Amino acid sequence: MSEETMGKVYDPKTFEKKWYEYWESNNFFHADENGEGDAYSIVIPPPNVTGQLHMGHALDNTLQDILIRFRRMQGYNTLWMPGCDHAGIATQAKVEESLRKEGTNRYELGREKFLERVWKWKEEYGNRIMFQLRTLGSSCDWARERFTMDEGCSKAVREVFATLYEEGLIYQGRRITNWCPNCNTAISDIEVEHKTEKGHLWHLRYKVDGEDRYVEIATTRPETMFGDTGVAVHPDDARYKDLVGKTLILPIVERKIPLFADEYVDPAFGTGAVKVTPAHDPNDFEMGLRHNLEEVVVIENDGKMGEGAGKYAGLDRYECRKKLVKELEEIGVLVSTEEHEHAVGHCSRCNTTIEPLVSKQWFVNMESLAKPAMEAVKDGRIKFVPDRFTKIYLNWLENIRDWCISRQLWWGHRIPAWYCADCGETSVSRVDIDKCPKCGSKNITQDEDVLDTWFSSGLWPFSTMGWPNETKELEKFYPTSVLVTGYDIIFFWVARMVMMGLKFGKDVPFRHVFIHGLVRDAEGRKMSKSLGNGIDPVEVVDKYGADTLRFMLITGNTPGNDMRFYWERVESARNFANKIWNASRYLLMNLAEKESDFKPEESDYTLADRWILSRFSVVTKEVTENLEKFELGEAARQIYEFLWSEFCDWYIELTKARLYDKEHNRPRQTALYVLGYVLEGTLRLLHPFMPFITEEIWQKLPHEGNTIMLSPWPKKGEVDETAIEEMSVIMDAIKTVRNLRAEVGATPGKKSEVILSFSDEKLKNLFSAHKDYLTQLASAEPVTFAENAPENALTAALAGVTVYLPLSGLIDIEKEKARLSKELDGIKSDIKRAEGKLNNKNFTEKAPASVVENERTKLAELKEKETATAERLAALEKMK
RNA sequence: GGGGUUAUAGCUCAGUUGGUCAGAGUGUCUCGUUGACAUCGAGGAGGUCACAGGUUCGAGCCCUGUUAACCCCACCA
C-alpha cells in the first residue's frame, strides 16, 4: 500500500456514498427472522412525512444506529425497522397550504382527489427522508420499510379499533372536546398547550327575577354569556343561601335561568357565583349534566359567534367580546373589571386558541389500558434511561383521561364505523361493508372522520411486524430491545405503545426506553422554522461528513439532556476524523514493507508495545460496558482519548524510530504488527460511531471478512499492569523534561543532555533500558545517570526519580530557587494533607484498605519528592 | 397548584454506584514547518464545582433549605 492511496486529509465525500451502497447492495443490513443468534431489535420512531429530517432526527437515528451496529458486531441477530408516519393533521395542513397557493382547497378538490394529492406528497417526502437516513449512515433493514398507512399497518389499526369497540373500550360520545377553529378538528388533551395569558375578570350582574336584587358573577369569557343556562354557587356559601332556587334574568338575551348550588364552585374565587355555559366550558358541561341544563350553542366551529349570539352572530369570538363588554358597560351590567392571569389552551400545531365545543367524537377508555402500562414500568419489565423519566411517565398515566381519537380530517385511517340511515345502527367492521349488518339496508355511510395519528403509531412495534397475523418476525423480534426517542413524545407515543403492546402484542413493546433531549441552536433556543435557526443535517454532512456529524452529536452530551449545536464542535469532531485518517496513513505508508505472516514472539514486544496493547484491552472493556449501559457519549470519549492521546501522541511517536530504522527488520515488523493490531481493533470499537471512515480505512488494512460492520466486536484482551505502571513513570519523566525545557525556551529540534538520579535500583534499570524513549519524546540526548546533582542544572523531582537539565550557560540561581521553593511548598502541603488523613484513625479503620494503601503510597512518593527538592534547594543555597 | 432539569475554567459541556475527579472541547498566551496530521505537536495561564446547613473518616457527587434559569403537567370561572 502506498501513500497515493490515501489523501493527506480526511475527505469524507470520496467514500461515504460508496460504502453505503456497498453495505446496502450486499444486504448487510438485512435481518433474518429465521436466523441464528439472539435477537436485538429497534423500531424507528417514524419521522413525519411532512418535510425533511432535522437535527433532532439526526441525533435520534445516530443513537439508534450506534446501538444497532454495536449489537450486530457482537453477533446479535439485529433488526432496525425503518418507516414513516403519515402525520395526519400536519401533513394535511402542508398539502392544504400548497393548494391554497394554487388558489384552491380540499373541498373544491373533493376527498378522493385530495387524498391522491397527499399520497403524491407522501411519496416525494417519504423518499427524501429515507434518502436522508441513508446519508447519515443508518443501517436500517430497508426491505422492511413500513408506512403507518400501508396495508399491513392499516389492517392492524382496524383490528385494534374493532376489538376495543367490541370490548366497550372505544365508544362514541357527545362531549365537550378541544376544538381548533383553525385546523377545524377536535384534538386530544395532550395536543393542547396551556399558556399563561394576561386577561380580565369581568364582573357582571344578573337580575333576580321579580325582585330588585342582583347576583354578581365573574367571568373571563363574557361572550359565552349568550349560552348561559344557569348560575351556580357553592351549597355552603352563606351569601347566596336564600337565593338558591330562584330564577335570574340573563341580560340582553332576557332568558330565565336558574340559580343552583354545586360543589364544584369555589366560593373564594371571584364573587363565588359562576355563570354556567354547558355548551362552551368543560366544567359547565358537567354541571349542566348534573342539573339538567339546556345547552345553548353560541360559538361555531370556525370560532365565530353563532345564531344564539343574536346581533353578534357572525362576529369573531374576540371581536364579539370587545363589543359586548362595551354594551354591557353601557347598560349597567358590567360592575367592574379586574386584571387576571390565567392559562389558555392553544392548538399545539397552529397555536390557535382552543375552543371547547360540544360534539360527537370517538373516545378510548384509558383506565383499563393504563393500569398494565404502569405495572410494566413499576416492575421493571420496561426501564427508562435515564431513570427520572419513569416518574414523569407514571404520573401522566395515573391522571390519564379518555382519549379523543376522532379527527375531522381526510388524511388518515378512516374510522371503520358505518351508520345505517334506515335502522340507525352503528356498525364497526374490520373490512369495508356495503350493507347494514343489522337490517341489510344498503343505505349506509362510513364515518367521515379519521383517527388520531398516534392511534396507528401506538401499534408501530407490532403492526410493522405483520400483526395481527402470527408472523416469524413477531416471534423473533417482538418485544423489541430498546426504543430510542426524545422526551417530548413520551406521552404521545411511548405510553400509547406500551398500552397497545401489552393489550395486543401480549408483551411489552420494548425492554428499554432510551430518552434523549433536544438539539438546540448555539443560543440554546429550540430550532424552528419560524425562528429560521434550524440547521439541516444534510448540509453538515455535505460540508463535514456524516461521521463528523454523528460524532459531534453524541459527544459531550448526557442521556436525557438537551444539547447545543456549535459549528466549532463540528470542526472539533472533523479534526478527530482527520486525526484517525492520518494515524492510519502513517501505518499504511509503511505497510507495504510488512511481512504478512510475521507474528512477534513474546520477547519482541517492547515496553511501549505491551503498554499500548494493555491500554487497548482496558479501553475495549470500558467502551463495551458503557455501550451496554447506554452511556454512548462516554464510550465515544474514551475512544477519542485513547486514539488521540495515547495511540497517536505517545505510541505512534515511539514507533517512529523502529519504523524508520531499516537496518533492524524484526523490531520494525513488530512495530508494524502492533500498530496494525491496535488500529484495526480501535476502528472496530469506533465503527458504530463513525461507520464510514472506519470502513474506508479498515478495507485498506489487512483484515478478515467483507466489511467492518460484520466483523466481530473486539474482546477484552490481557492487561499487563506492570507495563502500564512502568510506562506511566517514564511518561511522567518525559513530561518533566519537556517542562524544564520549556522553562528555558529550548526548541524541540535542539537536543540536550538530561541527567537522572534514582532512589532505587529498579527504576534505574527501567530507565536505562528505555533511555531512547526520552530521546525520542523529550529531545533528551545524551541521557546520563548520576549519583550526585550536577551544579549547573534545572531540577525537578518525581517519585523515585530526579531529573536534571544541565545548562550551557549559568543558571539564574535566584529564579531557580524561587521555582523550587514554590514546588516544595506545594509538595509540603500535599504531604500535610496525606499525613492528616493517615493519622486519622477513623480513616485508616473505616476506609477500604485499598484507599488507605493508595494514600500511603502517595505519601511515600511525596516524601521522596520533598527530600530531593529540599536537597537541591540546599545545594543552590551553598552555591551562592 | 404539582413535578422535573440545570447551576463545574472566558464560552459550551463531561465527570455513571461518595475516596488521583477537579476534566474535555473551544478560546487565549509562549514555542515549534525532522516525511501521519498546522484539521498538527510541546508547554502555560484560567475554577471556594451557585449559596447556606447537614450526613460521613472523606462530598461537584448523598440529604435539607435558599437563590436563579429553563421545562413539563394541571378543567378553578
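Note that the structure is predicted; figures quoted are calculated from it, not measured. What's counted below: heavy atoms across the whole structure, side chains too, no hydrogens, waters or symmetry copies. We name chains A, B, ... by the order of the sequence lines, and we start the count at 1 in each one.
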P atom, B:C57 versus B:C40: distance in rounded Å?
-> 49 Å

Between A:Phe642 and A:Trp644, does the ring centre distance come in under 6.0 Å?
-> no

Counting distance only, does the side-chain N/O of A:Arg738 pair as donor-acceptor with the main-chain N or O of A:Leu777 below 3.5 Å?
-> yes

Does a nitrogen or oxygen in the side chain of A:Lys391 sit under 4.0 Å from OP1 or OP2 of B:G4?
-> yes

A:Tyr586 or A:Arg637: which one's nearest nucleotide on RNA chain B is closer to the 5' end?
-> A:Arg637

Taking all atoms of both residues into account, what is the closest heavy-atom pair of A:Ser188 and A:Trp403, and its distance?
-> CB-CD1, 3.9 Å

Report yes if a side-chain nitrogen or oxygen of A:Asn561 is closer than 4.0 Å to either non-bridging phosphate oxygen (OP1 or OP2) of B:A14; otherwise report no.
-> yes

At under 4.0 Å, does any side-chain N or O of A:Lys751 touch on OP1 or OP2 of B:U34?
-> no

NA contact type, A:Tyr566, heavy-atom cut-off 4.0 Å: base, sugar-phosphate, or nothing?
-> sugar-phosphate

Among B:A77, B:C37, B:G43, the one nearest A:Lys8 by side-chain distance | B:C37

Would you check if there is a donor-acceptor pair between the side chains of A:Asp387 and A:Thr390 at a distance under 3.5 Å?
-> yes

Touch class at under 4.0 angstrom, heavy-atom based, for A:Gly556 against every strand present = sugar-phosphate

Does A:Asn739 put a side-chain nitrogen or oxygen below 4.0 Å from OP1 or OP2 of B:G44?
-> yes

Rounded to whole angstrom units, what separation is found between the CD atom of A:Glu191 and the P atom of B:C72?
-> 16 Å

Residue pair A:Pro222 / A:Trp202: nearest heavy atoms and the distance that separates them | CD-CE3, 3.4 Å

For A:Glu653, report the nucleic acid contact type (base, sugar-phosphate, nothing); a contact means any heavy atom under 4.0 Å.
-> base

Please confirm whether A:His340 and A:Phe269 have ring centers closer than 6.0 angstrom.
-> yes

Are the side chain of A:Asn590 and the backbone of A:Leu672 linked by a donor-acceptor contact shorter than 3.5 Å?
-> no

Interatomic distance, A:Asn578 CG vs B:G41 P [rounded to whole Å] | 10 Å

N/O donor-acceptor pair, side chain A:Lys629 with base B:U16, under 3.5 angstrom | yes

Would you mind reading off the distance between A:Met563 atom CE and B:U5 atom C1', rounded to a whole angstrom?
-> 17 Å

Using the P atom as the reference point in each nucleotide, state the distance between B:A50 and B:U5 in Å, no decimals.
-> 16 Å

Verify the contact: side-chain N or O of A:Arg564 to OP1 or OP2 of B:C13, cut-off strictly under 4.0 Å; return yes or no.
-> yes

Give the nucleotide from the list B:C37, B:G35, B:A77 with an atom nearest to the side chain of A:Met589.
-> B:G35

Contact class for A:Ile652 (heavy atom, under 4.0 Å): base, sugar-phosphate, or nothing?
-> base

Figure out the CD/P separation between A:Glu823 and B:G44, and round it to whole Å.
-> 11 Å

Which of the following nucleotides, B:A74, B:U39, B:C76, is nearest to the side chain of A:His194?
-> B:A74

Which value, in whole Å, describes the distance between the P atoms of nucleotides B:A77 and B:G4?
-> 25 Å

How long is the line joining CG of A:Asn557 and C1' of B:U6, in whole Å?
-> 14 Å

Rounded distance in Å - CZ (A:Phe491) to C1' (B:G3) | 10 Å

Which nucleotide, B:U20, B:C57, B:A74, lies nearest any side-chain atom of A:Ala343?
-> B:A74

Is B:A42 paired to anything, Watson-Crick or G-U wobble with both distances less than 3.5 Å, and if yes, which nucleotide?
-> B:U30

Given B:A77, B:A42, B:G19, the nucleotide with the shortest approach to the side chain of A:His342 | B:A77

Classify the nucleic acid contact of A:Pro356 as base, sugar-phosphate or nothing, counting any heavy atom under 4.0 Å across all strands shown.
-> nothing

pair_partner(B:A69), Watson-Crick or wobble, both distances < 3.5 Å, evaluates to B:U5

Closest to the side chain of A:Asn842, out of B:U16, B:A42, B:C57, is B:C57

What distance, rounded to whole Å, do you find between the two P atoms, one in B:A9 and one in B:U48?
-> 9 Å

Interatomic distance at C1', B:C49 relative to B:G18, whole Å | 15 Å

Are OP1 or OP2 of B:C37 and a side-chain N or O of A:Trp644 less than 4.0 angstrom apart?
-> no

Check whether any side-chain nitrogen or oxygen of A:Asn575 sits under 4.0 Å from OP1 or OP2 of B:C40, and answer yes or no.
-> yes

Specify the separation, in whole Å, of atom CZ of A:Arg520 and atom C1' of B:A69.
-> 12 Å

Quick one: label A:Asn840 by what it contacts on the DNA or RNA (base, sugar-phosphate, nothing), any heavy atom closer than 4.0 Å.
-> sugar-phosphate

Does A:Lys526 have a side-chain nitrogen or oxygen under 4.0 Å from the phosphate oxygens OP1 or OP2 of B:C71?
-> no

Taking the same atom, C1', in B:C31 and in B:C13, what whole-Å distance lies between them?
-> 29 Å

Can you check B:G15 for me, syn or anti if syn means within 90° of 0?
-> anti

Kindly point out which of B:G43, B:U26, B:C40 is positioned nearest to the side chain of A:Glu568?
-> B:U26

Quick one: do A:Trp581 and A:Ile693 satisfy side chain to side chain contact (heavy atoms under 4.5 Å, CB included)? Show the steps, please.
-> CA-CA 8 Å; A:Trp581 185 260; A:Ile693 188 176; 4.1 Å; yes

Just checking A:Glu286: base, sugar-phosphate only, or nothing, at a heavy-atom cut-off of under 4.0 Å?
-> nothing

May I ask you to verify if any side-chain N or O of A:Thr844 is less than 4.0 angstrom from the OP1 or OP2 atom of B:C57?
-> no

Would you indicate which nucleotide in B:G25, B:U16, B:A77 comes nearest to any side-chain atom of A:Asn626?
-> B:U16

When the distance from CG of A:Asn854 to P of B:C21 is rounded to whole Å, what number comes out?
-> 10 Å

How would you label the contact of A:Lys275 with the nucleic acid (heavy atoms, under 4.0 Å): base, sugar-phosphate, or nothing?
-> nothing

Taking the side chain of A:Val9 as its heavy atoms from C-beta onward, which of B:C11, B:A77, B:U39 lies nearest to it?
-> B:U39

Answer yes or no for A:Lys391 and A:Trp396: cation-pi contact, defined as NZ/CZ to six-membered ring centre under 6.0 Å and angle to ring axis within 45°.
-> no

With P as the reference atom in both, quote the distance from B:A59 to B:A22 in angstrom, rounded to an integer.
-> 13 Å

Is B:U55 paired to anything, Watson-Crick or G-U wobble with both distances less than 3.5 Å, and if yes, which nucleotide?
-> none

By nearest nucleotide on RNA chain B, pick out whichever of A:Asp562 and A:Tyr640 is the more 5' one.
-> A:Asp562

Can you tell which of B:G25, B:A24, B:G15 lies closest to the side chain of A:Glu641?
-> B:A24

Using the P atom in both, what is the distance from B:C63 to B:A45, to the nearest Å?
-> 35 Å

Can you establish whether the number of heavy atoms outside A:Lys383 located under 6.0 Å from its atom NZ is more than 12?
-> no

Would you mind classifying the nucleic acid contact of A:Val852 as base, sugar-phosphate or nothing, using non-hydrogen atoms under 4.0 angstrom?
-> nothing

